[in-house]
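In what follows, a structure is listed as structure tokens, so that the remarks can point back to it.
For this chain, numbers begin at 1 and follow the sequence in order. Counting starts at 1 for both ligands and their atoms, following the listed order.
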Amino acid sequence: MNYILYDKNFITIEDLKIDMEDRGYQFGDGIYEVIGVYNGKTFKMIEHLNRLERSAKELQIDFPHDFRFLKESLEKLQSLNGLQNGMIYLQITRGAASRVHHFPGSDVPPVLIAYTREMNDNSFIQKKGVECITTEDLRWLRCDIKSLNLLGNVLAKQKAVENNSFEAILCRNEIVTEGSATNVFIVKNGVLYTHPANNYILNGITRSTVIEQCRKMNYKVEEKPFKTQDLLDADEAFLTGTLIDVVPVRKINDYNIGSGVPGSITIGIQQIFNTLIN
Ligand code: PDD
């Protein structure tokens, strides 16, 4: 049986009732996290919950539970569902209230839901790399908040799929920000570049882990903006994100990146990342 965490209770899908006037449903007024589970263990749970807490603060949503209680509840959910490899999806909305745009009264409690899902097998794309497209970044200016409002991301990803590509790499005024659901790195002359963690991107947990590991390996990592043309001219490029981990990019807009196969630095980073999750 698959359980859902609903506020503080573990319930089944049959018992789940979503209010028509939940603000997540009507306004996308909420936040979320996707936490990876590998070999029965959650990966970087504290980092994900810290980011969730930050998103809540930025949007003035009350963080509904004590941090420790939430962590324990998510671990219990994972073990109740017997999840070995997959994800915990967690969202908190501002709650259900009669529809007005402004915040409802403080008597309206936030609504927390979490469920688990088995992981797709990503080994093929991790080994062979993926094709991507570039597209204009149409999102708002607070992409650092992991909000439920994902229309800009959804439209970009749809465009990628329609072009037989894995990911849409977003560019704002000719600067590469991130993917529709991933962070983007390039390698040029042995140096790694990725967009700085500011309001234009989500500061990915996988991104931070990769940067930390690269610095430990004495790779030079520059968190600074680079142009769309730099992306196309890169020696190597890769995407990072929960569950896909580190995925090489071999083609963008039909141009080969480097020699069109996963590069040696990317492969080295994948190997290090695999030792962390296994
Ligand atoms: N997406 N950038 C965006 C816009 C994202 O949506 C995500 C994650 C990332 C990578 O973040 P992390 O390494 O912390 O997963 C970057 C999740 C997986 C999703 O929406 O499904």
Protein heavy atom at shortest distance from [atom]:
atom                    : answer
atom 7 (C) of ligand 1  : Ala181 O, 3.3 Å
atom 11 (O) of ligand 1 : Gly204 CA, 3.4 Å
atom 21 (O) of ligand 1 : Val34 CG2, 3.7 Å
atom 17 (C) of ligand 1 : Lys146 NZ, 3.4 Å
atom 2 (N) of ligand 1  : Glu178 OE1, 2.7 Å
atom 13 (O) of ligand 1 : Thr206 OG1, 2.5 Å

Report the C-alpha distance between Glu75 and Lys71 in whole Å, list the side-chain angles of each, state the deciding distance to 0.1 Å, and finish with yes or no for salt bridge (charged side-chain N to carboxylate O under 4.0 Å, His left out).
CA-CA 6 Å; Glu75 282 163 356; Lys71 179 174 175 287; 3.1 Å; yes
For atom 10 (C) of ligand 1, tell me which residue out of Leu170, Leu150, Asn183 has the closest non-hydrogen atom.
Asn183
Regarding atom 15 (O) of ligand 1: of the candidates Ile35, Thr177, Val210, Thr242, which has the closest heavy atom?
Thr242
Is the closest heavy atom of [X] to ligand 1 under 4.0 Å?
X     : result
Met87 : no
Tyr32 : yes
Gly36 : no

Output yes when a side-chain donor or acceptor of Asn256 lies under 3.5 Å from a complementary backbone atom of Lys251, and no otherwise.
no
Counting N and O atoms only, with roles assigned by atom type, does the side chain of Ser208 sit under 3.5 Å from a partner on the main chain of Gly204, one being a donor and the other an acceptor?
yes
Residues [X], [Y]: salt bridge by 4.0 Å N-O rule:
X      : Y      : result
Asp22  : Arg94  : no
Glu33  : Lys44  : no
Asp19  : Lys17  : no
Arg139 : Glu178 : yes

Could you go through Phe10 and Tyr3, starting from their C-alpha distance and side-chain angles, then the distance that decides it, and tell me whether this counts as ring pair (Phe, Tyr, Trp, His ring centres under 6.0 Å)?
CA-CA 6 Å; Phe10 296 94; Tyr3 286 94; 7.2 Å; no
For Ser180, take its heavy atoms, then give the atoms of ligand 1 lying under 4.0 Å from any of them.
4 (C)
Counting only heavy atoms from other residues, nucleotides and ligands, does the tally under 6.0 Å from OH of Tyr200 exceed 12?
no
Arg51, any N or O under 3.5 Å of ligand 1 N or O:
yes
Check: Asn153 N/O within less than 3.5 Å of ligand 1 N/O:
no
